[in-house]
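For reference, the structure is listed below as structure tokens.
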Amino acid sequence: MATGLLQKPLDFGATASVYSLTKAVSGHSDVLGGAVVTRDAALAESVLSWRTDAGAIPGPFESWLALRGLKTLPLRIERASSNALTVARFLAGHPRVTAVHYPGLSPSAVALRQLPKGFGPLLSFEVSGTAAGADAIVAAAQLIVPATSFGGVESSWERRARWPAETAPATLIRMSCGIEPAEDLLADLNAALAAS
């Protein structure tokens, strides 16, 4: 979710980095795709060969959609990251919220080193009560979209533990902040937390 704008895994010793072009890179939730980035020429050739043999080659329209998203990626990541920090700060002070998980709230030395340009749009938080109560919060939103996929221009969220084999706490909600005005997000969050 940090994308190559906020984090460069190869600079930290990773052999390869795999990106979902479906998420923040394209940013409009309308394309399926992925990318592998590596400095290892042999690995790059192997991935390219596999892609060619398997037929996993995007069509012209899908390629255009991904390129369209790349053109606005810096603007979207900056705005979504700013929104995520604003939302995390709001949630950290809300009485219904028992924990907020976002590296930008109190960045560790590792987070600052690995994410020097920002902490991205993805956060999670836990609420007091039950799983049904957390589901009611997600359902009560008018602006934030209930969705499993994330990284688009629209803010989205879901209660993770609703999926089989998920190990997240029962009341943990994962949220991907979009580019909406921050005050609109906070109003929607406040209303959803109050309504449930």
Side-chain angles (χ1 to χ4, degrees), residues 1-3 5-7 19-20 22-30 73 75-196:
M1 280 305 296
T3 77
L5 292 178
L6 299 181
Q7 187 177 56
Y19 292 93
S20 171
T22 305
K23 309 289 190 236
V25 174
S26 293
H28 295 276
S29 306
D30 57 5
L73 180 60
L75 297 170
R76 289 183 291 102
I77 282 292
E78 182 179 343
R79 176 65 173 265
S81 297
S82 174
N83 279 349
L85 182 57
T86 299
V87 165
R89 287 177 175 153
F90 168 80
L91 292 169
H94 197 283
R96 293 265 339 258
V97 177
T98 59
V100 179
H101 310 285
Y102 185 68
L105 276 181
S106 53
S108 67
V110 171
L112 288 168
R113 191 176 84 250
Q114 290 187 2
L115 296 159
K117 295 181 179 178
F119 300 100
L122 194 62
L123 63 108
S124 63
F125 62 99
E126 298 170 52
V127 295
S128 59
T130 64
D135 284 335
I137 291 168
V138 170
Q142 298 296 306
L143 177 64
I144 305 166
V145 179
T148 298
S149 192
F150 49 84
V153 293
E154 306 88 4
S155 293
S156 61
W157 61 359
E158 70 167 342
R159 184 177 67 83
R160 288 301 302 165
R162 68 194 178 98
W163 298 105
E166 176 61 60
T167 60
T171 64
L172 182 133
I173 296 171
R174 179 183 69 184
M175 181 176 182
S176 173
C177 290
I179 62 170
E180 303 92 344
E183 57 271 18
D184 291 350
L185 285 174
L186 296 184
D188 198 37
L189 276 165
N190 199 41
L193 287 162
S196 58

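Position 1 is the first residue of the sequence; numbering continues from there.
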Return the minimal non-hydrogen interatomic distance between [X] and [Y], and the atom names on each side.
X	Y	value
Ser176	Gly151	OG-N, 3.1 Å
Leu91	Val97	O-CB, 3.3 Å
Ala24	Arg76	O-NH1, 2.8 Å
Pro103	Ala111	CB-CB, 4.3 Å
Ser81	Pro121	OG-N, 4.0 Å
Asn83	Gly178	ND2-O, 2.9 Å

Distance check, rounded to the nearest 0.5 Å: [X] atom [atom1] versus [Y] atom [atom2]?
X	Y	atom1	atom2	result
Arg79	Glu180	CZ	CD	8.5 Å
Met175	Leu185	CE	CG	5.0 Å
Leu115	Gln7	CG	CD	4.5 Å
Ser82	Ile179	OG	CD1	12.0 Å
Ile77	Lys117	CD1	NZ	12.5 Å
Trp157	Leu123	CH2	CG	10.5 Å

Report yes if the side chains of Leu143 and Ser155 come closer than 4.5 Å at any heavy-atom pair, otherwise no. no
Considering only heavy atoms from C-beta outward, does the side chain of Phe90 approach that of Asn190 to under 4.5 Å? yes
State whether the side chain of [X] and the backbone N or O of [Y] hold a donor-acceptor pair below 3.5 Å, judged by distance alone.
X	Y	result
Arg174	Ser156	no
Arg160	Glu166	no
His94	Arg96	yes
Arg159	Ala134	no
Asp188	Ala141	no
Thr171	Ser128	no

For Thr130, all residues meeting side chain to side chain contact (heavy atoms under 4.5 Å, CB included), sequence neighbours excluded: Ala132
For Thr148 and Glu158, does a side-chain donor sit closer than 3.5 Å to a side-chain acceptor? yes
Quick one: sort the Phe119 and Tyr102 rings into parallel, tilted or perpendicular, breaks at 30° and 60°. perpendicular
Answer yes or no: does atom CD of Glu183 have more than 12 heavy-atom neighbours from other residues, nucleotides or ligands under 6.0 Å? yes
Can you name the side-chain hydrogen bond (donor to acceptor under 3.5 Å, both in side chains) partners of Glu154, sequence neighbours left out? none
